[in-house]
Amino acid sequence: QPSRAARGLGQLRYADHPVDMMNIKAFTLVSAVERELLMGDRDHISIECVECCGRNLYVGTNDCFIYHFLLEEKAMPTGTATFVATKQLHRHLGFKKPVNDLCAASALNRLLVLCDNSITLVNMLNLEPVPSGARIKGATTFAVNESPVNGDPFCVEVCIISVKRRTVQMFLVYEDRVQIVKEVSTPEQPLAVAVDGYFLCLALTTQYIILNYSTGLSQDLFPYCSEEKPPIVK
């Protein structure tokens, strides 16, 4: 959570006097949820992923639970902030696998949950799966399109890296259904993906590329070794 200093950095460039940026503390680390509130005395529990949407904080754990908290920010005299977390509820997904990823789709009132190679749609408030049972199967990881091209405000565009070798798929996710719109092959096995418009930024086994999923055209960026460090794309 950026401190007040960080939120004011945009104005510093227009100050009448020079500002020593090296002396500005951009971020302050503060506790949001105490471990006891989340895990109690269970030492074997670990956090796998988190998602924050407004005041809603969602936490996925290695024992297949999702926790929902409400965060209230309180300003301190020092200029920083502290948080009070109120636990709403938690729910087990019914698997014996960790929750790998969470993504909130607030326009749909849905939380996209990746667990056991499936993306399940659950209600953001009660964490219940949608009655239709809609889910995307065969996903190793996914990303939501930052600049959707579909034009429907009640639809989320999602790209998944498929369990199929060297394959990515584009889906339209609605409130209670999913629809595949495109499947594209990649020159190597993809490991990470980010989406903007028609363009996918993909980390493959040995290099990063940009791929236009509409035309299928790709552009090599630069090499890297996936065996030495995990790829990050954004």
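Computed from a predicted model, the values in this text were never measured in an experiment.
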Would you say F154 ends up clustered with L125 if hydrophobic residues are merged whenever their side chains have heavy atoms under 4.5 Å apart, either directly or through other cluster members? no
Under a 3.5 Å distance rule, please check whether T140 uses its side chain to pair with a backbone N or O of I161 as donor and acceptor. yes
L108 vs V156 side-chain heavy atoms within contact, under 4.5 Å: yes
Give the cluster check for F222 versus I232: same hydrophobic cluster or not, with ILVMFWY residues linked at side-chain heavy-atom distances below 4.5 Å. no
What I'd like to find out is whether the side chain of L204 reaches to under 4.5 Å of the side chain of L191, using heavy atoms alone. no
Taking all atoms of both residues into account, what is the closest heavy-atom pair of C53 and S106, and its distance? SG-CB, 3.8 Å
Does K87 NZ have over 12 foreign heavy atoms under 6.0 Å away? yes
In Å, rounded to the nearest 0.5 Å, how long is the span from CG of N123 to CG of N109? 4.5 Å
Passing option when E157 is tested against D152, V173, V144, V149 for side chain to side chain contact (heavy atoms under 4.5 Å, CB included): V149
When P187 is tested against each of L211, T205, I209 for side chain to side chain contact (heavy atoms under 4.5 Å, CB included), which residue passes? I209
Can a donor-acceptor pair be found, under 3.5 Å and without considering hydrogens, that links the side chain of T167 to the backbone of R165? yes
Answer yes or no: does atom CD of E128 have more than 12 heavy-atom neighbours from other residues, nucleotides or ligands under 6.0 Å? yes
In this structure, which one of Q169, E183, M170 forms a side chain to side chain contact (heavy atoms under 4.5 Å, CB included) with Y213? M170
With the side chain counted from C-beta on, respond yes when C155 and P148 share a heavy-atom pair under 4.5 Å apart, and no when they do not. no
Please confirm whether the backbone N or O of N62 pairs with a side-chain atom of H44, one donor and one acceptor, at under 3.5 Å? no
Please say yes or no: joined through hydrophobic side-chain contacts below 4.5 Å, possibly via intermediate residues, are F65 and I45 part of one cluster? yes
What is the minimum heavy-atom distance between D176 and A134, and which atoms define it? O-CB, 3.4 Å
Report the relative orientation of the aromatic rings in F69 and Y67; use parallel for angles under 30°, tilted for 30 to 60°, perpendicular for over 60°. parallel
For the student: nearest non-hydrogen atoms of P153 and G151, plus distance: CD-O, 3.4 Å
Verify side-chain contact (heavy atoms from CB on, under 4.5 Å) between V113 and V99, making sure each step is shown before the conclusion. CA-CA 7 Å; V113 183; V99 179; 3.8 Å; yes
Is there a path of hydrophobic side-chain contacts, each under 4.5 Å between heavy atoms, that joins F171 and I119? yes
Please say yes or no: joined through hydrophobic side-chain contacts below 4.5 Å, possibly via intermediate residues, are F199 and L202 part of one cluster? no
Passes side-chain contact (heavy atoms from CB on, under 4.5 Å), V33 versus L57? Steps please. CA-CA 10 Å; V33 180; L57 174 67; 3.6 Å; yes
How about V158 and I160: do any of their side-chain heavy atoms sit closer than 4.5 Å? yes
Just how far is it from atom CG of L221 to atom SG of C201, taken to the nearest 0.5 Å? 6.0 Å
Between A139 and V163 the two heavy atoms that sit nearest each other are N-CG1, 4.2 Å
Are the side chains of T61 and E48 in touch, meaning some heavy atoms are under 4.5 Å apart? no
Distance check, rounded to the nearest 0.5 Å: R135 atom CZ versus D116 atom CG? 9.0 Å
In this structure, CD of E72 is separated from CG of L70 (nearest 0.5 Å) by 9.5 Å
Does a side-chain heavy-atom distance below 4.5 Å link T141 with N100? no
Is L121 close to V178 at the side-chain level, that is, under 4.5 Å between some pair of heavy atoms? yes
From CA spacing to verdict: side-chain contact (heavy atoms from CB on, under 4.5 Å), T186, E188: CA-CA 5 Å; T186 57; E188 297 176 2; 5.8 Å; no
Check whether R55 reaches the backbone of L71 with its side chain - one donor and one acceptor, N or O, closer than 3.5 Å. yes
May I ask you to check whether Y208 and Y224 place their ring centers less than 6.0 Å from one another? yes
Look at E175 together with R110 and state whether they make a salt bridge at an N to O cut-off of under 4.0 Å. yes
Going from NZ on K164 to OG on S185, what distance comes out if it is rounded to the nearest 0.5 angstrom? 9.0 Å
Show, in sequence, the C-alpha distance, side-chain angles and deciding distance for F83 and K74, and conclude whether the side-chain contact (heavy atoms from CB on, under 4.5 Å) test is met. CA-CA 6 Å; F83 293 88; K74 293 186 176 181; over 6 Å; no
Over all atoms of both residues, closest heavy-atom pair of D196 and S147: OD2-OG, 3.1 Å
Kindly give the heavy-atom pair with the smallest separation between T86 and Q88, and that separation in Å. O-NE2, 3.2 Å
Between NE2 of H68 and CG of L111, what distance do you get to the nearest 0.5 Å? 9.0 Å
Mark yes or no for whether E51, through its side chain, and Y58, through its backbone, hold a donor-acceptor pair below 3.5 Å. no
Is there a side-chain contact between V168 and V193, using heavy atoms and a 4.5 Å cut-off? no
